[in-house]
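Just below is one structure, and these are the notes that go with it.
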Amino acid sequence: MNAKANAFARQSLSDVKLNKSEIKDTVVRHLHCTLGTDENKANNHAWWKATSAAVQELVLEGLRKTQKTHYLNDTRAVHYFSAEFLMGRLLSNNLHNFGLFEKTNQALNELGVSLSDILEEEPDMALGNGGLGRLAACFIDSLATMELPAIGYGIHYEHGLFRQEIKSGVQIERPDSWRDYGNPWEICRPESIQEVSLYGYVETKYGENGRIQKEWHPGSIVKGVPWDIPVVGYGGNTVNVLRLWQSESSDYFNWDVFNAGGYIDAQRENVQAETISKVLYPNDETEAGKELRLIQQYFFCACSLKDIIRRYKRAHGDDWSRFTDQVVIQLNDTHPAIAIPELMRILVDRAELDWDDAWAICTETFAYTNHTLLPEALERWPARMLEKILPRHLEIIYEINHRFMAEVEKKWPGDNAVKAKLSIIEEGADKMVRMGNLSVIGSFAVNGVAEIHSKLVKQNLFPEFNELWPGKLTNVTNGITPRRWLKACNPKLSSLIDSKIGDDWPTNLSKLEQLAEFADNARFQKQFMQVKQENKQELADEVKALTGIDIDPKAIFDIQIKRLHEYKRQHLNLLHIMTLYRRLLENPDYDMHPRVFLFGAKAAPGYKLAKDIIYAINQVAERINNDKRVNHKLKVVFMPNYRVSLAEKMIPAADVSEQISTAGKEASGTGNMKLALNGAVTIGTLDGANIEIAEEVGDDNIFIFGLTVDEVHALKFKGYNPYDYYYQNKEIKAVLDWLETDYFTPGKPGALASVKQSLLDGGDPYLVLADFEAYCKAQTDLDAAYREPKRWAKMAIMNTAKMGKFTSDRSITDYVERIWKLSSCHVD
Ligand code: 26Q
C-alpha cells in the first residue's frame, strides 16, 4: 500500500464513527491496491478479502494502541498456553465487535455485494478438536472485551482439524487447508523468531564455586516463526493477540550439513523441522503417545517461554524478582505441561538460580486446568521418549519428583502406596511420566471446569493432592462468549432482545434475566417463537442445500452436536430414534409431534467404533427418510463436516439440545450453554454443566433423566450386565437385533453389528442400556410439552433468560479474582 493510501486509511477507518461511504471507499481501495482487481471483476472471495483487509486496518490500529498502553503501564498479563484455539471465522466477529456490522452490510449492499454471502467465503480457523479449543477461543474474546492484558500462545498448524466428507454413510477425512488462498488476519513477525533445541545429550560440569552445571548439547535446532492473530474485544478498545508458532528449519543449524555437500540431508532436516507444525492431532479424549505430538507440545511451550522472557527482560533486565508479579501462565490441560520443566531449565541452567528459588518462581507462575477424568485421556509419556527428545527435561522431572517424594514421606511416613500413586513417574517395564501429576505439583492452582467435575477431580482423581494442599484444587465453571454465540449467530433473536431489554446484554449477560418477566406474555412468546421458526426455516434451506434432504420446519428440531465419543452417547440417541421408528411402523397413528433429529460430529480417524456409529446414524437416516410410512413424522439428518461455522447455523434453529453423556464423564460441555442461550430446551443427564444449567433454569424448564454419578458408581460396583436390560426391555432387544439384520444396510447384514456388540458383549461401558428407558420416558414428556405451545414457548424463553451465568466473561472474572489476580487496563 502506498503512503498516500495509508494516510487515507488512518483518516477514515481509524475513526470508529466511520460512515458508510468511507467503508465503501476503503473496501474498494483494497480491491484495487491489495487484490489487484476491480468492482466488475471481483468475485465474492475477492470482496471478502478486500472487506477483511479494510477491517484489518482498524484492527491493527487498535493492536498498536493496546500494545503501547500495556507496555507503558508495565501490566501483569495472563499467558494462555493451549495446543488448540478453535477460532472459526473472524470477519463477522470483528465487525460486530467494532460495532460496524450494520454499516458494512449497507455499504456493501450499495456496491451490489451481499455481506452474508461474502462471510461464507471465509474458511474456518479450525486449529482445535472441540470443547477445549473452542473454550480457549471464547476466553481470549472475553479477555479482550474485559480489557485484560492477555496473550494466547499456541501452534500455527498448517492443517487444522480434518474436513469430513460422508461417502455412502462413511466418514472420509480430507486435509483442511485454511490458509491456501491467504489469511487476511495473521501477521508474520520474523523479528520475534525463536530457536528451540531437541535431542542430543547432557554434559555435567563443575563450576568454580563447586556448583554442578548441566549443559544440554542439542542434536537439532528448529526455528519458531510467530504469526499473530489480533483478537478484538467487544467495543473495539482492546486488541490482544493470539501468537501461533510455525516451525521451520534453522538456517544456522543446517549450514554445516549443506557446506559438507549434503544438500539432500539438509533438505531432509528442513522437512523434519517443518513437520512439527504441519497438522493438528485429531484424537480428542485419547492419549496417543506419539513422538511428534510431544515435540509439538515442547516446541510451542519453549518458543512461548522465550518470548515471555524476552519481553520481561526488556523491562526488568536480569532481575528475576518481579517475574511472578508480571507473568502468570494458564495451562489448558496437560498438553503444555512440559513448560514447567522448561522454565526450571531456563532458571537453573541458564540464569543459574538456585533450585529452590527457581522452583518458587515456577510454582507461582503456573496454573493448570483439567478437562477430563477419562483415564484414557490422561497424558503419559514414556520416560525413554522424553530422554531421547528432551534429555535435560527428564533429569529435571526426576529432580522435581525426588524432592516431592520427600514431602510425601513427611506427610505419609512409610506409605509406599501413596508414593506410587502421587509420583510423577509411573514405575513398570516402561516407565511413564504422568503429566497430570507434574501439572498439579508444578502449579499454584488447579481447576476443573464445572462444579461436579471439580468435585470429582478432588475426590477421585487427585484426592491426596487435595489433602496435601487444601485449597489448591478449585472450580471455575466454563462459559461461552455471547457475542459470537448469540449476537452474531442469531441476529433475529438479538434484535428482539434489544427491543425488550436494551442492547447492553452482550457484556452483561445476567440482564437477560429481565426476559423472564415476559415468559408468560403471549405477545412476546409469539415473537420469540416466530424468530425460532424463521431460524428453523433458514436451517431447513441449508440442510436441503448440503444434504438434499427435505425437512419440515414445523417439526421439532432436536440437535446433538459434539465430537463423536461413546461417553457422549450418540448411539443412545440413535436407539431412541429406532424405537420411534418401530413404534410408528407398528402403529401408524402413534401420537407424536413430527421430529427431525440432527447430528453433527467428527470421529477421530483411528476410533473404529465412533466411525461405525456415524455409519449407523447415516444408514438409519437413509432408511427412515425414504420410508413414506413414517417420513412425515420422523427425519434424521447427519450434517457433514461439523465445525464452528456450521454450529453458528444450527444452534439458533434448535428446539431441543441433546446433552446425554454418562453421568461423571462430560467434564462440563459448552455446546449445552450455547444451545440453551438460543432458546433450546435441554434433554440431559446430571453431568457436567448440565447440573448448573438445571439449577439456573429450574426443573420445569429442562428434561433431566438417567443415572446420577453416585448411581453409576453403585451400578458398576454391584456389577453391571447389559444383557439384563436387553432381555427385560422388549424395545431394547428389538432395536439391537434390528441393527444386526440388513434392514438398514441392504445386502450387507451385520454391517452395523459392532454397535450392538459394544453394548452387549462389549459390556456397554457407558451404560447406554441402563439409561435407555429413562431417556425414552423423558423424550415422551418432552414431546407432550412441545405440543402445548404456550408451555414450550415459556420454557424456551426461560432458557435464554437464565443463561447469564454461562458467559465466558463470568468464567474469566473467576479466573482473574481467584487465580490470576489481574487488573484491567483501559485502552483509549
Ligand atoms: C491428547 C493426546 C494426543 C492427541 C490429542 C490429545 C487431545 C486433544 C484434545 C486430548 C484432548 C483434547 C480435547 C479435550 C476436550 O475438548 N475436552 C472438553 O473440554 C471442554 C472444555 O472444558 C469441556 O467442556 C468438555 O466437557 C471436555 O470434554
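Position 1 is the first residue of the sequence, and the numbers go up from there. These numbers were taken from a predicted model, which means no experiment stands behind them. Remember, it's 1-based here, ligands and their atoms both numbered in the order they're listed.
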Inset, instruction - Look at atom 8 (C) of ligand 1 and say which protein heavy atom is nearest, naming residue and atom and giving the distance to 0.1 Å. - result: E84 OE2, 3.4 Å
Inset, instruction - Please write down residue, atom name and distance for the protein heavy atom closest to atom 10 (C) of ligand 1. - result: E285 N, 3.5 Å
Legend entry - Proximity winner for atom 4 (C) of ligand 1, if only heavy atoms of R134, R563, R293 are counted: R293
Inset, instruction - Under 4.0 Å, heavy atoms only, figure out whether ligand 1 is touched by the backbone of H335, its side chain, both or neither. - result: side chain
Inset, instruction - Name the orientation class of the two ring planes belonging to F705 and Y775 (parallel below 30°, tilted from 30 to 60°, perpendicular beyond 60°). - result: tilted
Legend entry - For atom 24 (O) of ligand 1, the option (of G131, A83, G669) bearing the nearest heavy atom: G669
Legend entry - Where ligand 1 meets H371 - atom numbers and elements under 4.0 angstrom, heavy-atom basis: 19 (O), 21 (C), 22 (O), 27 (C)
Inset, instruction - Just jot down the ligand 1 atoms closer than 4.0 angstrom to any heavy atom of Y567, in number order. - result: 28 (O)
Inset, instruction - Tell me which protein heavy atom sits closest to atom 26 (O) of ligand 1, plus the residue, atom name and distance to 0.1 Å. - result: E666 OE2, 2.6 Å
Inset, instruction - Ignoring hydrogens and angles, state whether a donor on the side chain of N401 or S423 is under 3.5 Å from an acceptor on the partner side chain. - result: yes
Inset, instruction - May I ask you to check whether over 12 heavy atoms, not counting those of R818, lie within 6.0 Å of atom CZ? - result: yes
Inset, instruction - Would you list the pairs meeting salt bridge (Lys or Arg N to Asp or Glu O under 4.0 Å) in which at least one residue belongs to residues 658-676, sequence neighbours left out? - result: K568-E666
Inset, instruction - With heavy atoms only and a cut-off of under 4.0 Å, state how N478 meets ligand 1: side chain, backbone, both or neither. - result: side chain
Legend entry - Residue, atom name and distance, where the atom is the protein heavy atom closest to atom 1 (C) of ligand 1: T286 O, 3.3 Å
Inset, instruction - For this output row, return yes or no: ring centroids of H393 and Y298 closer than 6.0 angstrom. - result: yes
Inset, instruction - Check whether the side chains of W245 and S304 place a donor and an acceptor atom closer than 3.5 Å, and report yes or no. - result: yes
Legend entry - Atom indices of ligand 1 within 4.0 angstrom of A667 heavy atoms, with elements: 26 (O)
Legend entry - Protein contact to atom 16 (O) of ligand 1 [nearest heavy atom, distance to 0.1 Å]: L132 N, 2.9 Å
Inset, instruction - Take the angle between the ring planes of H156 and W227 and call it parallel below 30°, perpendicular above 60°, tilted in between. - result: parallel
Legend entry - ring-ring contact (aromatic ring centres under 6.0 Å, His included) partners of Y642, counting only residues at least two apart: none
Legend entry - Shortest protein heavy-atom distance from atom 5 (C) of ligand 1, along with the residue and atom involved: N283 O, 3.1 Å
Inset, instruction - Classify the angle between the aromatic ring planes of H565 and Y567 as parallel (below 30°), tilted (30 to 60°) or perpendicular (above 60°). - result: tilted
